[in-house]
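Presented below is the structure to which this report refers.
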Protein chains: 2
Amino acid sequence: MTYTIKAVAEKTHLSIYTLRFYDKQGLLPFVSRNHAGYREFTDADLQLLHTITCLKNTGMKIADIRHYIDAVMAGPSTIPARQALLSAHREAILAAQQKIMANLKEIDFKLNIYNAPNAQQVITAERRYAKAEKIANGLPDPYPALT
Amino acid sequence: MTYTIKAVAEKTHLSIYTLRFYDKQGLLPFVSRNHAGYREFTDADLQLLHTITCLKNTGMKIADIRHYIDAVMAGPSTIPARQALLSAHREAILAAQQKIMANLKEIDFKLNIYNAPNAQQVITAERRYAKAEKIANGLPDPYPALT
DNA sequence: GCTTGCCCTAGAGTATTGTCTAGGGCTTAT
DNA sequence: ATAAGCCCTAGACAATACTCTAGGGCAAGC
């Protein structure tokens, strides 16, 4: 049993355009064509495509996914290379997560200010300070007067 | 005390190009110019720029950051709007994190296969299955013969 | 006064990742 | 045999976020 590109698009929530784009980028060398030149996806193809979307969803670039797929196509001798690729990507994901969480903490800090009962006063004081700093440095004040 | 664009670039690890680009995109309406038309950054400006980079680092688009900055410039009356913006962004970040962790789990699953002592056999069996599936469906086999 | 080293703007160019259009072919049902 | 509904490719277009170039101004030291 095989799947047309349309069926695959529906299953994966990728657009037909995206699937063809991925193929053009060399991500789908394992997808065969039938006698009419149409792509026919097998179940094993869907497995590989699933791996591709996992890599994409975790921020791997298409060029790097292609390297992984190239290794897959080359056969079992590239298992160490694939392992290295995925391990490095794993670390990159975790590092990115850490960075995002650190930034989120700062956003939460701002949110806490906005949520505090004295938010109005704190924000107003900040604004006054920023205005005063401009004046003190002989700069035009970019903050509009409050209505 | 104020900072030149070069000093700010060094402090923030953003390029001068990026800072000017952000200004062009309306992200830095609070940065004043001196008599020569040069940007002069105050400490309060750096604080706001820091917030901007937090939002950017967590995946907020420039257009959305601009909305937040617009609210900041409009004064304390927009505190509820800012709070809503940041809360929504906070949820978006957490949802994205969840998605990434789910995908990472699948990558880890693949890694475990590669790391297993019988990786060679498992991968070879998968490949044989994929080849057989192509043949069974009357499709050309895209997998090269192993050398 | 002239060089050096910053600063400016406008706008062109680049990288990435799609998305869509034009032109055309296969397959199935009528 | 023709219309409908898929499929194909090549290539144009688009959104995002920079990055750089050209051309020019200001400021400080020789």
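Each chain gets a letter, A, B and so on, in the order the sequences are listed, and its residues count up from 1. Keep in mind it's a predicted model, so treat the numbers as computed, not measured.
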To the nearest Å, how far apart are [X] [atom1] and [N] [atom2]?
X     : N      : atom1 : atom2 : answer
B:Y3  : C:dC6  : OH    : C1'   : 19 Å
A:F21 : D:dA15 : CZ    : P     : 17 Å
B:L19 : C:dC6  : CG    : P     : 16 Å
A:I52 : C:dT17 : CD1   : P     : 13 Å
A:L14 : C:dG18 : CG    : C1'   : 11 Å

>> For the CD atom on A:Q47, are there more than 12 heavy atoms of other groups (residues, nucleotides or ligands in this structure) within a distance under 6.0 Å?
In response: no
> Is the number of heavy atoms from other residues, nucleotides or ligands within 6.0 Å of CZ (B:R33) greater than 12?
Replying inline: yes
>> Check this for me, if you would: do A:R39 and A:D45 make a salt bridge, where the nitrogen-to-carboxylate-oxygen distance has to be below 4.0 angstrom?
In response: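 Salt bridge: no.
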>> For A:K131, is there an ion pair with A:D141 - N to carboxylate O distance below 4.0 angstrom?
In response: yes
Output yes when at least one side-chain N/O atom of [X] is less than 4.0 Å from OP1 or OP2 of [N], else no.
X     : N      : result
B:T18 : D:dA17 : no
A:H35 : C:dT27 : yes
B:Y22 : D:dA17 : no

>> On a heavy-atom basis, which atom in A:I16 and which in A:I5 lie closest, and how many Å separate them?
In response: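 So the two residues come closest at CG2-CD1, 3.8 Å.
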> Considering all heavy atoms of both residues, which atom of A:Y114 and which atom of A:A119 are nearest to each other, and what is their separation?
Replying inline: O-CB, 3.4 Å
> Judged by atom type as modelled, is there a donor-acceptor pair below 3.5 Å linking the side chain of B:N137 to the main-chain atoms of B:E133?
Replying inline: yes
> Under 3.5 Å, is there a donor-acceptor pair between the side chain of B:T18 and the main chain of B:L14?
Replying inline: no
> What one-letter contact string describes nucleotides 1-13 of chain D from 5' to 3', where B marks a base within less than 4.0 Å of any protein heavy atom, S marks contact via sugar-phosphate atoms alone, and - marks no contact?
Replying inline: -----BSBB-B--
> Can you tell me how far CZ of B:F30 sits from CZ of B:F41, rounded to the nearest 0.5 angstrom?
Replying inline: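 With rounding to 0.5 Å, CZ (B:F41) is 7.5 Å from CZ (B:F30).
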>> Less than 4.5 Å apart, side chain to side chain, heavy atoms only: is that true for B:H89 and B:Y68?
In response: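 Of all side-chain heavy-atom pairs linking B:Y68 with B:H89, none is under 4.5 Å.
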> Considering heavy-atom distances to DNA chain C, does A:Y17 or A:Q25 have its closest nucleotide positioned more toward the 5' end?
Replying inline: A:Q25
> For the side-chain hydrogen bond (donor to acceptor under 3.5 Å, both in side chains) test, which of B:T12, B:D43, B:T42 pairs with B:Y3?
Replying inline: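 Running side-chain hydrogen bond (donor to acceptor under 3.5 Å, both in side chains) over B:T12, B:D43, B:T42 with B:Y3 returns exactly one hit, B:D43.
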> For residues 57-73 of chain B, which residues have at least one heavy atom under 4.0 Å from DNA chain D?
Replying inline: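 Those residues whose heavy atoms fall under 4.0 Å from DNA chain D, taken from residues 57-73 of chain B in numerical order, are B:K61, B:I62.
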>> At 10 degrees resolution, what angle do the end axes of the helix from C:dG1-D:dC30 to C:dT30-D:dA1 form when each is taken over five base pairs?
In response: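 Here the helix ends are tilted 20° relative to one another.
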